[in-house]
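Following: one structure in structure tokens, then a few remarks.
Because the structure is predicted, anything quoted here is derived from the model rather than measured.
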Amino acid sequence: MKSSLLFLFIFFSTAIFSQQRTYCNPINIDYGYCPIPNFVTQGKHRATADPVITFFKGEYFLFSTNQWGYWHSKDMLDWQFISRKFLRTEHKVYDELCAPSVSFVNDTMIVVGSTHTKTFPIWMSTNPATDDWKELVHESAAGAWDPQIFWDKEKDEVYEYYGSSNTYPIHGIKLNRKTFQPEGEVYDLIALNDDEHGWERFGENNDNTFLQPFMEGAFVNKHNNKYYLQYGAPGTEFSGYGDGVYVSNHPLGPFDYQSHNPFSYKPGGFARGAGHGATYQDANDYYWHVGTITICTKNNFERRIGIWPAGFDKNGILYSNTAYGDYPTFLPSQKKNHLDANFSGWMLLNYNKPVEVSSTLGGLQPNLLVDEDIKTFWSAQSAKKGEYLISDLGEKSTVNAIQINYADQDVTLMGKPETTLGHQYILYYSDDKKNWKILLDKSKNTKDVPHDYIELSNTIKTRYIKMVNFGMPTGKFALSGFRVFGKGSSTSPGVVQNFVTLRSGKKVKGERRNVWFKWQQEPNADGYVIYFGKTPETLYGSIMVYGKNEYYFNGLDKSDAYYFQIEAFNNNGIGGKSEVKLAE
């Protein structure tokens, strides 16, 4: 009898939680705690940024700032960490790679970190799936901050790009193919032009006129014999942190500003920011863009990592599709069209819906669990077993997936601990808050899952989801977002009416880098997505707005006309798009 029950339990668990088809940003990896100890000012926290991913010998390799190692994955979902300190003991700068370059030449992966000196090594490995590295260059004479070593495969030439400054441009130099040391002159390639490009202006809303914006994170792809030089701006602390791109016929320029910019941009929604990243191809040769998500609550450098579908359109325009970019998104294995088919269609079911909790710490109130803002969070008074939350979906709904985002309240860990207690909890579901069934038991989990994401292969229908804490790696039981995805049982919103775009004309004195949107509130809407671009066919930019019927956007290029479109969404689905509006 016991064996029969065990078989049924295993079968049921396998049926509900089989191989996932989707992921959800921020990606769920074991981010290090306080990786830059000197910057611990407001409280200990997790952080990383400046990511780069490359597909090498059948696996994805992910490197990012100050993590005492790197991750690899066969499916871009299950990331395994490899502990490794790359800098030699005489290097006293954080003792780890900052904003690293990761690339490969033939069968050899090449890694180098940021430096203002010219004494750091370049590392090489033909087997990076294990800790198997040796020095390619003992002391690189091309020391640089935020570097990228780029191999031009067709020409078998190597170049290095670098720069992180609010004063200096992005630089480029050719490297000797055999020695990987610089040869020839250093070229000044591109610089910020925030007088023209509104999105490059400093500040959370691109409206700070007192400080110079930062340009950083150079990264190059080659596509159809053109070189795409990407860069991050205006500052890593801001929701509008994005990546722009210039294009050239030669690896050292001259470069021209792409018509669609920023090409990677996500100023709205739960997880905001999509800057200082890298564009790479998957196992099927589809493109993706990985970038930095900003939290910056406990510290200016509290950040995470996001991945978005990307690509080049028929005219060679580089884009990154961030619409619904923190909702469940199909993995590379699903081979979806990156312009319009990578979003799963599962909607957020519990935005601003009622929440019950076991206890509350100070002003960290329960509604902050469901306000779709990663910068805010609820905390229980302790990390004791039995602390809980109950999320009301408002109606009986079909549940496809759940994302649990922990918030690092009162954490005590530092660095990258070899072993920690995993996040331990049990999820239950109910139609009446009286009779509860177990949805998922992770009460004995040993894995670090700060942004745990669970996809159900067999959906459930329910109204209430309950999470009971059983143990934390460190700190209190605190979450910045308890997010339930699927479809409600009512209707999607309608087409948005009276969508107005107001912008100063070319012959009228005014600020043309800004535009004001206003629209009639759609009664059934939770939020809206505004699309923008410079032609009606290239509305690749997007902004997600919750609970409002107006938005100020300060990210336009001054000299160009723009086209805009809007759609409403709720827990049941997405409404039709409005007519495209031209703003000269």
Side-chain angles (χ1 to χ4, degrees), residues 51-56 60 76 102-104 148 150-155 157 159 161 170 172 189-190 197 199 217-233 242-266 274-291 306-325 329-343 531-542 555 557 560 562-563 565:
V52 58
I53 293 177
T54 190
F55 185 69
F56 180 75
Y60 303 92
M76 225 172 73
V102 183
S103 54
F104 59 87
Q148 188 216 7
F150 166 71
W151 176 44
D152 190 339
K153 183 178 180 180
E154 289 77 17
K155 296 181 179 180
E157 297 174 343
Y159 297 84
Y161 304 88
I170 296 291
L189 300 179
I190 58 175
H197 307 146
W199 73 274
F219 191 88
V220 170
N221 291 96
K222 186 178 182 181
H223 176 73
N224 287 346
N225 292 318
K226 292 187 179 293
Y227 300 86
Y228 291 75
L229 174 53
Q230 299 147 58
Y231 64 100
D243 280 343
V245 60
Y246 282 71
V247 187
S248 175
N249 293 318
H250 188 274
L252 291 176
F255 284 90
D256 295 318
Y257 185 75
Q258 180 178 269
S259 59
H260 169 60
N261 265 314
F263 80 91
S264 177
Y265 185 69
K266 192 181 179 304
H276 193 141
T279 306
Y280 64 97
Q281 288 178 280
D282 66 17
N284 307 304
D285 294 329
Y286 288 91
Y287 283 93
W288 300 80
H289 190 73
V290 60
I307 301 173
W308 299 274
F312 298 86
D313 72 10
K314 63 183 180 180
N315 296 315
I317 298 295
L318 174 61
Y319 65 86
S320 177
N321 187 353
T322 64
Y324 304 96
T329 301
F330 286 117
L331 286 159
S333 60
Q334 304 304 301
K335 301 180 183 179
K336 299 293 185 178
N337 182 304
H338 280 194
L339 269 175
D340 56 20
N342 242 81
F343 171 39
Y531 297 91
F532 65 90
K534 293 183 180 177
T535 72
E537 297 76 33
T538 58
L539 303 182
Y540 300 149
S542 64
D557 293 340
D560 297 332
Y562 277 83
Y563 294 84
Q565 196 171 38

- [ ] Starting from the C-alpha separation in whole Å, work towards a yes-or-no answer on side-chain contact (heavy atoms from CB on, under 4.5 Å) for Gln230 and Val245.
- [x] CA-CA 4 Å; Gln230 299 147 58; Val245 60; 3.8 Å; yes
Task: Exercise: identify the closest heavy-atom pair between Ile317 and Ser259 - done: CD1-OG, 3.5 Å
Open item on the list: I'd like to know if the side chain of Asn337 reaches the main chain of Leu339, judged simply by a donor and an acceptor atom lying under 3.5 Å from each other, with no hydrogens or angles considered.
Closed with: yes
Task: Reported OG1-to-CG distance for the pair Thr279 and Asn221, which is rounded to 0.5 angstrom - done: 5.0 Å
TODO: Enumerate the residue pairs fulfilling side-chain hydrogen bond (donor to acceptor under 3.5 Å, both in side chains) with a member in residues 245-257, sequence neighbours excluded, ordered by first and then second residue.
DONE: Trp199-Tyr257, Lys226-Asn249, Tyr257-Asp557
Task: Heavy-atom pair with the smallest gap, counting every atom of Trp308 and Gly325 - done: NE1-O, 3.2 Å
Open item on the list: Go through it in stages, so that I can follow the logic: the residues are Thr535 and Tyr562, the test is side-chain contact (heavy atoms from CB on, under 4.5 Å), and I'd like the CA-CA distance, side-chain angles, deciding distance and then a yes or no.
Closed with: CA-CA 7 Å; Thr535 72; Tyr562 277 83; over 6 Å; no
Task: Partners meeting side-chain contact (heavy atoms from CB on, under 4.5 Å) with Asn342 (sequence neighbours left out) - done: Trp288, Pro309, Thr329, Phe330, Lys336, His338
TODO: Any chance you could measure Ile190, atom CD1, to Tyr231, atom OH, to the nearest 0.5 Å?
DONE: 6.0 Å
TODO: Kindly write out the residues that satisfy salt bridge (Lys or Arg N to Asp or Glu O under 4.0 Å) with Glu537, not counting sequence neighbours, or none if the list is empty.
DONE: none
- [ ] Using the test salt bridge (Lys or Arg N to Asp or Glu O under 4.0 Å), find all partners of Asp152 that sit at least two apart in sequence or belong to another chain.
- [x] Lys222
Open item on the list: I'd like to know whether Asn261 forms a side-chain contact (heavy atoms from CB on, under 4.5 Å) with His197, so could you lay out the CA-CA distance, the side-chain angles of the two residues, the decisive distance to 0.1 Å, and finally the verdict.
Closed with: CA-CA 9 Å; Asn261 265 314; His197 307 146; over 6 Å; no
Open item on the list: Could you report the tightest heavy-atom contact between Phe150 and Val220, atom names first, then the distance?
Closed with: CD1-O, 3.7 Å
TODO: May I ask you to check whether Glu157 and Tyr159 show a side-chain donor-acceptor distance below 3.5 Å?
DONE: yes
- [ ] Just jot down the ring pair (Phe, Tyr, Trp, His ring centres under 6.0 Å) partners of Tyr227, sequence neighbours excluded, or say none.
- [x] none
Open item on the list: What I'd like to find out is whether the side chain of Thr538 reaches to under 4.5 Å of the side chain of His260, using heavy atoms alone.
Closed with: no
- [ ] Only counting residues at least two apart or in another chain, list the ones meeting ring pair (Phe, Tyr, Trp, His ring centres under 6.0 Å) with Tyr228.
- [x] Phe312
Task: Residues in ring pair (Phe, Tyr, Trp, His ring centres under 6.0 Å) contact with Phe56, at least two apart in sequence or another chain - done: Phe104
Open item on the list: Please check: side-chain N/O of His276 versus main-chain N/O of Gly291, any donor-acceptor pairing under 3.5 Å?
Closed with: no
Open item on the list: Run the salt bridge (Lys or Arg N to Asp or Glu O under 4.0 Å) test against Lys335 and tell me which residues pass, sequence neighbours left out.
Closed with: none
Open item on the list: Measuring only between side-chain heavy atoms, which start at C-beta, is Leu229 closer than 4.5 Å to Leu189?
Closed with: yes
Task: Donor-acceptor contact present, side-chain Asp282 to main-chain Phe55, <3.5 Å - done: no
Task: Sequence-distant partners of Ser333, side-chain contact (heavy atoms from CB on, under 4.5 Å), two or more places apart - done: Leu331
- [ ] Nearest 0.5 Å please: distance from the CZ atom of Phe219 over to the CD atom of Gln148.
- [x] 4.5 Å
TODO: Please name the pair of heavy atoms, one in Gly533 and one in Leu539, separated by the smallest distance, quoted to 0.1 Å.
DONE: N-CD2, 3.5 Å
TODO: Please work out whether the ring planes of Phe263 and His289 are parallel, tilted or perpendicular, with thresholds of 30° and 60°.
DONE: perpendicular
Open item on the list: Please check this pair: side chain of Asp243 against backbone of Tyr265, looking for a donor-acceptor N/O pair closer than 3.5 Å.
Closed with: no
Open item on the list: Can you list everything that forms a ring pair (Phe, Tyr, Trp, His ring centres under 6.0 Å) with Phe532? Sequence neighbours excluded, please.
Closed with: Phe553
Task: Residue Asn225 excluded, over 12 heavy atoms near CG under 6.0 Å - done: no
Open item on the list: Whether the side chain of Tyr540 engages the backbone of Leu318 through a donor-acceptor N/O pair (distance < 3.5 Å, no angle test) should be reported.
Closed with: no
Task: Results of side-chain contact (heavy atoms from CB on, under 4.5 Å) for Ser542 - residues two or more places apart only - done: Thr322, Ala323, Val529, Tyr531
- [ ] Spell out, as yes or no, whether a donor-acceptor pair under 3.5 Å connects the side chain of Asp313 to the backbone of Asn315.
- [x] yes
- [ ] Using side-chain contact (heavy atoms from CB on, under 4.5 Å) as the criterion, list what pairs up with Gln281, not counting sequence neighbours.
- [x] Asp285, Tyr287
